[in-house]
Amino acid sequence: MAQAPAERLEELKELVRKIKSYVEAIGLMHWDLRTGAPRKGVDIRSQTIGMLTTECFKLQVSPQMGELLEYFADPGIMADLSDTDRRLIEECRTEYERNRSVPADKIKEYSILAAQSESYWEEAKANNDFAGFEPYLTKIVAFKQEFIEYWGVKDTRYDTLLDMYEPELTVAKLDDVFGRLKKRLVPLLERIQASPYQPTHDFLHKDYDVKQQEAFGLFLLKEMGYDFEAGRLDESVHPFATGLNPGDVRITTHYMPNDVLSAIFSSLHEGGHALYEQNISQELAGTLLAEGTSMGIHESQSRLWENMIGRSKPFWQRYYNDLQKHFPEQLKDVTMEQFYLAVNRVENSLIRIEADELTYNLHIIIRYEIEKMLFNEGLEVSKLPEVWNEKYKAYLGLTPPSNSQGVLQDVHWSGGDFGYFASYSLGNMYAAQILATLRKEMPEFDQYIARGELLPIKEWLTDKIYVYGKSRTPSELIEAITGEELNPDYLADYLEQKYTEIYKL
Ligand code: ZN
Ligand code: ZN
């Protein structure tokens, strides 16, 4: 007797729940590796991760999955399903086809390597030891090159990688968007640097007690509506957020005793990621749709909270007093206005995650160009420090004094995340575009922030973005919210307006 579509759908959902259980366990182990797992346990833990990844992978490409997807290939059956169920099946199909194209033993080998490589990167960064890390990175790149063949080369080899983080994103599109952005940001940066008015910020680099930093960060996270019963804050070398399930969305930060801003803004940033994951519709829980729709949209949420809200004047009108209470000595002679200007100073710097809103995009363009060279132009891994330093000199006028402050600064490549960096700038662009609509629909936006009423903003974002998880594509989402496709002019407008005032241009 043939089974009804409802039963088969339940069977598929059950299979997906099983897959998601592995993903959650693996995610928790990754979190553990990055938040203080004993060093001597790394090798065996990496093998455990490799083992679980293989089991998970087997389910994803199982005959049962294949058979279910074949059943749902029937347009008649698909037509009777809800939009969400159709999206769920499409998502399974994409994953199935992508995963089936790579042999299982390759995946296993690769996932063990990637887990080890992340730990060795941490060590290499701490010891300024690029040579020690190079063999791992070389293997990671070789694997990715091989995977590109399995996945299928799109317009260029690097296009295949971009598409994994931002569906439908291409080198051609990015070249265009980055080109338009550069054309407006570079002259703006020149005007800022030529301005006789430069905010002072030496007070940001006094000695700031780490315990107090932590207390203030926790306070801000509560204010923005981060649910501590569905998450926790820890410390790691490189701040990150990880959504294990909608009820367990963890974030980390990194405290720097001589930089009071670093932990504040990384907490707001990761908090923004976490709000997205914590507020995905319950209906999607346990499915492949219970995550952010793309890395770019995810970044738009972290950046909206970090920069567009967290670096705004109304925000510090409300919260500066609280910060002063945590650091009465350090900030006793600093006015709110001085502090606001200091948090928005534009400074050519070496470290991406410490960069201001404007030059940040240049840090990304550098990485984008280097990745294109690695995957499309045969750049060798051993040449990375050299190319890296040349580009920093050319774009930002600086040469890193060490590889730790240069090519080793980011975790991404150690985990094989090539094609990811572009998402950060896409996030800035999406965020500015979303902000323009948000301001139109919520004329009291600034007043809300100045009163510390951040929850209406969180609710607006929940309704427009968070609840949908992955059930809407990035372009569907951005068009539904703003009425147009990605447009880099919103970001350029926002930055021009902000810095014209701050630097009295
Ligand atoms: Zn400084
Ligand atoms: Zn982020």
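The figures here come from the full heavy-atom set of this structure, side chains too, leaving out hydrogens, waters and symmetry mates. Remember, it's 1-based here, ligands and their atoms both numbered in the order they're listed. Since this is a predicted model, take the numbers as computed values, not measurements.
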Can a cation-pi geometry be assigned to Lys144 and Phe375, taking NZ or CZ under 6.0 Å from the six-membered ring centre and within 45° of the ring axis? no
Can you tell me which N/O/S atom of Glu299 has the shortest distance to the Zn ion (ligand 2)? OE2
If only atom types and distance count, is the side chain of Gln278 paired as donor or acceptor with the main-chain N or O of Asp227 below 3.5 Å? yes
Treating Asn279 as the side-chain partner and Leu275 as the backbone partner, does any N or O pair qualify as donor plus acceptor under 3.5 Å? yes
With a 4.0 Å cut-off, would you call Glu479 and Arg472 a salt bridge? no
Look at His298 and state whether any of its N, O or S atoms is less than 2.8 Å from the Zn ion (ligand 2). no
Short N/O/S contact of Glu270 with the Zn ion (ligand 2) (below 2.8 Å): no
Have a look at the Zn ion (ligand 2) and estimate, to 10 degrees, the angle subtended by NE2 (His273) and NE2 (His269). 100°
